[in-house]
Amino acid sequence: MFKPVKSKVDLVKLENNILEFWKNNKIFQKSLKNREGSKKFIFYEGPPTANAKPGVHHVLARSFKDIFSRYQTMKGYYVPRKGGWDTHGLPVELEIEKKLGVNSKKEIEEIGIKRFSELCKQSVFEYVEDWVKLTDRIGFWLDMSDAYYTFTNNYIETVWWILKQIYDKDLLYEGYKVVTYCPRCGTPLSSHEVAQGYKEVEDPSVYVKFKLKYEDSNFLVWTTTPWTLLSNVALAVNSDEDYVEISKNNEKLILAKTLLNEVIKEPYEIIKKLKGKVLIGKRYEPLFNYTNIKNNCYFVVDANFVSLKEGTGIVHIAPAFGVDDMNLAREKDLPIIQLVDESGEIKSQAVDFAGLFVKEADPKIIKNLKQRKILFKEEKILHSYPHCWRCDTPLLYYARKSWFIATSKIKDKLLKSNSEINWYPDHIKYGRFGNWLENNIDWSLSRERYWGTPLPIWEDNSGHKICIGSFKELKDLAKDFPDKFDPHRPYIDEIKLICPQCKEEMSRVKEVIDCWFDSGSMPYAQLHYPFENYEKFYNNFPADFICEALDQTRGWFYTMMAISTILFEKSSYKNVVCLGLINDKHGRRMSKSRGNTVDPWSVLNKQGADALRWYLFTSSSPWVNKNFDVDIINEIIKKFILTLWNSYSFFVVYANIDKFNPEKYSIKFEERSVLDKWILSELNQTIATVDKSLNNYAATRGGKEIEQFVDKLSNWYIRRSRRRFWKSEEDKDKISAYLTLYECLVTIAKLLAPYMPFISEEIYQNLVFSISKDSLMSVHLADFPVSEEKLIDKDLMEEMNIVRKVVSMGRAARNKASIKVRQPLPYIKVFKTEQTEKLINYEVVIKDELNVKSFELTPDLKQILNYKVKPNLELLGPKYGSKISLIKNILERMNHQEIANIVLANEKVKIKLEEQEEELLPEEILIEIVAPSEHITEKEGEIALTLNTVLSKELLDEGFIRELVRLIQNQRKKAGFRIENTIKTIIECSEDKEVVIKEHKDYLCTETLTTELIFSDKLSGYIEEFNIDKKKVRVGISVSGSIT
RNA sequence: GGGCUUAUAGCUCAGUGGGUUAGAGCGCAUCCCUGAUAAGGAUGAGGUCCCUGGUUCGACCCCAGGUAAGCCCA
């Protein structure tokens, strides 16, 4: 006996029970153990930062990580799944700053780096529990008990080792460069961090006049960052371009010719045209005089980066605040003026603006220029500008000393690594990611912060540097090495080394490193390679599969690949699935400030993890952004999960009534019915498609395939097979139906296991494990189903499609005639064609579905339909004018059948109009299909059929009985009787109906499981009154026994 | 400004190596079926397949240009 299954199901409760089962029986561990020693399928967990609660988008990533891992496990691979947590870096520091209510590095240092680091370390555990709970609840099997944490000594030691490799390859260097710098956090950011924070903002757009030194004229210069004007040292033009000098309001201005009309809207007069190169070397008066620098500045230089697409074609150069500017300054030996301090405030030298944050200084500077009448015009511009990805402060391009990895030097290797990766979707490979690599710039590695992996470089006063690659190396060189070693700041800073070259004391540089370097090091650091697990590492590298959201293209996907390329000249992953974003139901990005975030628990506690997972897997391609709406989850439950559940529950209900045990029987495929062969053919086809899809990371495709199969199983196979389960004798056909349905359900459970691990487990448990004690105890320990190609019968499936098509057309015909299906009709005739001739094998199905007495194929189309032709008045009217009524009459009298055939062959129809031969075009004649009298006809494409609608007394009586049976069935249900209960039925009705009922007594009794049928006006039991064909019938039913 | 992606029914999405009438689900309306079903079936309303041009006998599909949205970069 199977565990009884109700048609109603509490999915959340079910899932919690399964979680319990997995936990108690260590199924995850068993599923790993099961495959130990098999071929490996390597998965890497991209470590989340657990310093906030996980959201729906995390469920997305974790579900996709899970599905392919489960699938590969079922395919026989050993798939270790080590968890990991990203614990360092600005995101963590920022949370602590918020908690402490501080807002600058100065304040942090007042509190003390020691305390600050401690707090950071504590906070990384704060939400790990939330993450573990969620991970667990959604059924993502991940080994979190053995997770790697990026702050641990072992992890850091590996990272140091990697840095040392890079240092030894001469790819790690310190440079004075313009970096993107967050003035609030007081640190440069790497380009992949900058990439996270572009925002549309309004900035000033000002045109400033720079007066020439020895001429009465002005250079017109455009900028969107007035604060950089304080540090101006030169102007740049493009020497090949055309410039003009114009006169306007008695003032002379120089600017690019092509931009003239863009910039100057008022009347002006062109004084002369001049090439850019004539301007080079011309000197101008500095705008401000806050420095003493006088040499080699305040003149026009040539620069090929000067664009004539916007501005004035004359660019102001402030080497401290632009990459191009800095390069130009190097090239031309221009001085660098730096009037902004590390917190983004104007230095005291610039007395008029001292202490102002640069963006606040903007309006004051504009006002100053205005007063001095050197501001030409002032506008606003809307453009995207980078902001700090965590604290939202506008970033500054700012010249600083900082550490870089020379990734641009290994660009070709990066491109080669990329060429070996399979991207899903594949356009990322040479699109977004490939382009990014093509334009690779050096990795800005250092962060002037506190909580992170310290940069392991020590230097002395003589400029000697040393990069430490292991703790042992550090200990050997250290003056003093503590017993309890913590590589974090501030402790690490206290360790001084003796310079091996000059024996001077060495101190560590103050920087920590980009936390993305930490996570990119996980393939090695999670195993403490090369200090431990040397062999294990090589068996775990590279990953077969990783999966994160699209925003990691330039984050983790990049850092993982960059590091592995430097170390091993190949990518650390072979296949990567990029996931899209999850928006709210209106397509807006979810954000806390908007208040439109969805707490995954609200779905998990109400609709369950399987439904949510199914939505994420099947709603659309994973990389397409999704608009998340909980109503869609409800639809999935109604449409798919419950359909499956009810198919399953149907099986269990009847199998239990019949005490059917699938282990006791076997019936050869050849001996099963057509319907069985058909569904098994569909099943094997589905297995093949799902297997192929999951193997190609196409979960969506596979899911849709399963959905379609379940629909066929429920709405055709089971519907058509119901009676086979109901009949009382235990013949081969019944067993065959049981075996077939059983096989389908068990196979679906296995196909679904990677998608919906809970419900598939529930079904498997009951259908397989509960009856067969030598079976595996979990569906997740099972092998993935293998498609039996020889059972796939394309012809059979096509035939069944036509059967369903004919049935559907037959229903449409009944509908047109408004004759309900319960009312039997004499016959259906189908036009015999190559397509339909096989229908004769499905006579029973068609007759039953359409409730007709006989089925016939006829090659004589006239028996099914006649054509009627009419003139197309819209076209013929204008052509023939008043003669149209004649044409109408002529057509009427001609042979409609023949004309229709001519028109259908798309040929012209000849008619005689007033002794004249006229030709009518095919489109000028309309064809109607007319059914033979007392018939209803349907035609679709090549398929044509007709239903006879003549109702004899016998047929009407049968209709009456079927109506009565249905009503009694409903009555049984309402009365709460069990399906297997037999009943006593008492009927009170008119005499003529009594005769009819007696005639069909056997049918009625069998259908309703009536063991005793009595005609009487003394009703008892559960009583109902019906009105059938305007005749009153009263029925009382009571339980008399049970068939089991 | 550049790159990538997307644009198909009110909503969520399929689709085609270029070929009669472009599909599904949800929602809506009418009708039907039902002792597994919270299901199912039929019919109907609802489409400029984003726009413009090109290639072609034929374009939702291919090409070019544009528009809008999203992501990424300068």
Side-chain angles (χ1 to χ4, degrees), chain A residues 5-9 191-192 194-196 198 305 307 309-310 323-324 383-386 397 425 427-436 438-439 441 549-551 553-554 578 580-581 583 585-589 615 618-621 623-629 631-632 634-654 700-701 704 707-708 711 714-716 718-719 722 725-726 804 807-816 818-823 849 851 906 938 940-941 962 965-966 968-974 977-981 1007-1009:
Chain A
V5 176
K6 291 214 179 95
S7 63
K8 283 180 189 173
V9 56
S191 47
H192 37 264
V194 176
Q196 322 256 329
Y198 276 83
F305 62 79
S307 140
K309 281 183 179 157
E310 55 184 3
V323 178
D324 288 334
H383 63 167
S384 64
Y385 191 84
Y397 294 93
H427 60 75
I428 307 254
K429 181 172 186 169
Y430 295 115
R432 182 174 290 207
F433 196 67
N435 284 335
W436 154 263
E438 289 284 353
N439 299 311
I441 54 168
L550 198 66
D551 56 3
T553 315
R554 281 146 200 203
C578 301
L581 303 170
N583 298 319
K585 66 173 168 184
H586 306 290
R588 289 174 312 198
R589 200 171 186 162
Y615 162 74
T618 61
S619 75
S620 57
S621 296
W623 40 85
V624 172
N625 292 353
K626 288 173 175 52
N627 296 347
F628 186 82
D629 183 359
D631 288 343
I632 303 177
N634 288 328
E635 194 185 315
I636 282 167
I637 294 179
K638 282 206 305 203
K639 193 74 203 150
F640 177 61
I641 300 186
L642 289 179
T643 307
L644 171 67
W645 186 262
N646 287 316
S647 302
Y648 159 64
S649 128
F650 173 89
F651 172 83
V652 172
V653 166
Y654 286 95
T700 309
R701 172 82 211 281
K704 301 245 175 195
E707 249 173 21
Q708 278 174 22
D711 182 74
S714 168
N715 289 321
W716 194 249
I718 296 185
R719 190 151 69 97
R722 265 184 291 203
F725 296 94
W726 291 345
R804 296 189 72 176
V807 167
S808 155
M809 285 168 65
R811 286 209 196 98
R814 292 192 79 110
N815 233 304
K816 263 192 206 162
S818 321
I819 300 172
K820 47 190 169 189
V821 179
R822 243 173 287 127
Q823 175 59 59
E849 276 291 315
N851 195 15
N906 210 19
E938 277 290 312
E940 231 184 284
R962 285 199 48 164
V965 165
R966 184 184 72 86
I968 295 175
Q969 301 285 40
N970 271 345
Q971 195 180 356
R972 286 181 56 121
K973 211 176 189 177
K974 275 189 232 161
F977 298 171
R978 297 179 63 87
I979 289 170
E980 61 270 28
N981 285 148
E1007 287 296 307
T1008 60
L1009 294 183

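Chain identifiers are assigned alphabetically (A, B, ...) following the order of the sequence lines, protein sequences preceding nucleic acid strands; residue numbering begins at 1 within each chain.
- With a cut-off of 3.5 Å on both Watson-Crick or G-U wobble distances, the partner of B:A24 is given as B:U12.
- Using a 4.0 Å heavy-atom criterion, one finds that A:Thr553 contacts no nucleic acid atom at all.
- Nucleotide B:C11 holds its P atom 11 Å from the CG atom of A:Asn627, rounded to whole Å.
- Rounded to whole Å, the separation between the P atoms of B:G41 and B:C33 comes to 15 Å.
- Distance CZ (A:Phe640) to P (B:U12): 23 Å, rounded to an integer number of Å.
- A donor and an acceptor atom never sit less than 3.5 Å apart when one is taken from the side chain of A:Ser714 and the other from the base of B:A39.
- For the pair A:Asn625 CG and B:C4 P, the computed distance is 18 Å after rounding to whole Å.
- Within 4.0 Å (heavy atoms only), A:Ile637 reaches no atom of the nucleic acid at all.
- Across all strands shown, B:A29 forms a Watson-Crick or G-U wobble pair, both distances under 3.5 Å, with B:U43.
- A sub-4.0 Å separation between OP1 or OP2 of B:U34 and a side-chain N or O of A:Arg966 is present.
- Using P as the reference atom, B:A9 and B:G46 are 14 Å apart when rounded to the nearest Å.
- Taking the P atom of each, B:A39 and B:U21 are spaced 36 Å apart, rounded to whole Å.
- If you take CD1 of A:Ile636 and C1' of B:C13, they are 12 Å apart, rounded to a whole angstrom.
- As rounded to whole Å, 10 Å separates atom C1' of B:A39 from atom CG of A:Asp711.
- Going from the C1' atom of B:U20 to that of B:C60 covers 16 Å, rounded to whole Å.
- Looking at which nucleotide of RNA chain B each of A:Met809 and A:Tyr654 is closest to, the 5′-most match is held by A:Tyr654.
- The distance from atom CD of A:Glu635 to atom P of B:G40 is 10 Å, rounded to the nearest whole Å.
- Remark: P of B:G3 and CH2 of A:Trp436 are 18 Å apart, rounded to the nearest angstrom.
- Distances shown here put a side-chain N or O of A:Lys639 below 4.0 Å from the OP1 or OP2 atom of B:G40.
- Note that the NZ atom of A:Lys639 and the CD1 atom of A:Ile632 stand 15.0 Å from one another [nearest 0.5 Å].
- A gap of 16 Å separates the C1' atoms of B:G44 and B:G10, to the nearest Å.
- Under 4.0 angstrom from either OP1 or OP2 of B:A39 there lies at least one side-chain N or O belonging to A:Lys638.
- The side chain of A:Arg719 contributes no N or O atom lying less than 4.0 Å from OP1 or OP2 of B:G40.
- Residue-level contact check: A:Thr1008 touches neither bases nor backbone, having no heavy atom under 4.0 Å from any strand.
- The aromatic rings of A:Phe650 and A:Tyr654 sit tilted relative to each other, their planes meeting at an angle between 30° and 60°.
- B:A59 and B:G53 have their P atoms separated by 13 Å, with the value rounded to a whole Å.
- Across the P atoms, B:U37 and B:C28 are found 23 Å apart, a figure rounded to whole Å.
- For A:Arg804, the CZ atom sits in a packed shell: over 12 heavy atoms of surrounding residues, nucleotides or ligands are nearer than 6.0 Å.
- Distance A:Glu707 CD to B:A14 C1': 12 Å, rounded to the nearest Å.
- Counting non-hydrogen atoms under 4.0 angstrom, A:Arg978 reaches a base of the nucleic acid.
- Counting non-hydrogen atoms under 4.0 angstrom, A:Gln969 reaches a base of the nucleic acid.
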